[in-house]
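Just below is one structure, and these are the notes that go with it.
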Amino acid sequence: MSKPKPLTGEQRIWQVCLMIPEGKVVSYGQLADLAGLPGRARLAGRAMRTVPEEMALPWYRVLGAGGRISLPKDSPGYREQQYRLRQEGVEVNGSRINMNRYQWQPDLAELLWQLPF
DNA sequence: ATTGTGACTTCGG
DNA sequence: GCCGAAGCCACAA
């Protein structure tokens, strides 16, 4: 049998992002942590920027620390993120989202069970 | 090889 | 709130 090629950091980030439930959000840093890559918030940001179009990833559920939309306020992406979040019931005030209410807090044991790594 | 650039985060002022 | 510095590291030049 061939050796299972280890997933790249970006791929692991994508895998976890795919599991964020509707109506919930995470921060870049949290996403990296959940992917087993502590301290790699920047990589999570990069992963969201380079998502393959065909892989319908809920990138809009990923926010900056403290619940802020990280995209430039005048960009189409910023408006799309606001729109998509609101579409699934997340309250958005400008670029702010209340993390106390919408942050995803997965059961770690269950998460581990689901992940392909 | 070195340098600059990020959808980042935390800390100190 | 806003800023700079530091820590992070893949990637392009």
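Quick note on labels: first sequence line is chain A, next is B, and so on, each numbered from 1.
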TODO: Can you tell me which residue pairs pass the side chain to side chain donor-acceptor pair (under 3.5 Å) test with a partner in residues 19-35 of chain A, sequence neighbours excluded?
DONE: A/Gln30-A/Gln103
- [ ] Report the residues that fulfil side-chain contact (heavy atoms from CB on, under 4.5 Å) with A/Arg84, sequence neighbours left out, ordered by chain and then residue number.
- [x] A/Trp59, A/Tyr60, A/Glu80
Task: Residue pairs passing the salt bridge (Lys or Arg N to Asp or Glu O under 4.0 Å) test where at least one lies in residues 36-49 of chain A, sequence neighbours excluded - done: A/Glu10-A/Arg46
Task: Interface limits on DNA chain C, where chain A has a heavy atom under 4.0 Å of a nucleotide atom - done: C/dG7 to C/dC11
- [ ] Measure the shortest side-chain to side-chain distance between A/Val90 and A/Ile97 over non-hydrogen atoms and say whether it is less than 4.5 angstrom.
- [x] yes
Open item on the list: Under 4.0 Å, heavy atom to any atom of DNA chain C: which of residues 14-24 of chain A qualify?
Closed with: none
Task: 4.5 Å side-chain heavy-atom contact, A/Leu63 and A/Ser70 - done: no
Task: Of all pairs that satisfy side chain to side chain donor-acceptor pair (under 3.5 Å), the ones with a partner from residues 108-117 of chain A, not counting sequence neighbours - done: none
Open item on the list: Expected output is a numbered-order residue list: members of residues 37-50 of chain A with a heavy atom under 4.0 Å from any atom of DNA chain C. What is it?
Closed with: A/Gly39, A/Arg40, A/Arg42, A/Arg46
Task: From CA spacing to verdict: salt bridge (Lys or Arg N to Asp or Glu O under 4.0 Å), A/Arg86, A/Glu91 - done: CA-CA 6 Å; A/Arg86 285 169 175 156; A/Glu91 279 183 41; over 6 Å; no
Task: Side-chain (A/Trp14) to main-chain (A/Leu57) donor-acceptor, under 3.5 angstrom - done: no
TODO: Using heavy atoms and a sub-4.0 Å distance, could you list which residues of residues 69-101 of chain A are near DNA chain C? By number, please.
DONE: none
Task: Listed partners of A/Leu115 passing side-chain contact (heavy atoms from CB on, under 4.5 Å), at least two apart - done: A/Gln15, A/Val16, A/Met19, A/Leu111, A/Phe117
Task: Pairwise C1' distance for B/dA7 and C/dA13, with rounding to whole Å - done: 22 Å
Open item on the list: Please identify the 5'-most and 3'-most nucleotides of DNA chain B with any atom under 4.0 angstrom from a heavy atom of chain A.
Closed with: B/dG6 to B/dT10
Task: Which residues share a side-chain hydrogen bond (donor to acceptor under 3.5 Å, both in side chains) with A/Arg79, sequence neighbours left out - done: none
Open item on the list: Working to the nearest 0.5 angstrom, can you tell me the gap between A/Ile13 CD1 and A/Leu18 CG?
Closed with: 12.5 Å
TODO: Examine A/Tyr83 and A/Ile69 and state if one hydrophobic cluster contains both, with Ile, Leu, Val, Met, Phe, Trp and Tyr joined whenever side-chain heavy atoms are less than 4.5 Å apart.
DONE: no
TODO: Quick one: which residue pairs count as a salt bridge (Lys or Arg N to Asp or Glu O under 4.0 Å) with a foot in residues 50-74 of chain A, not counting sequence neighbours?
DONE: A/Arg61-A/Glu88
Open item on the list: What I'd like to find out is whether the side chain of A/Arg12 reaches to under 4.5 Å of the side chain of A/Pro116, using heavy atoms alone.
Closed with: no
TODO: Using a 4.5 Å cut-off on heavy atoms from C-beta on, say whether the side chain of A/Val25 contacts that of A/Val62.
DONE: no
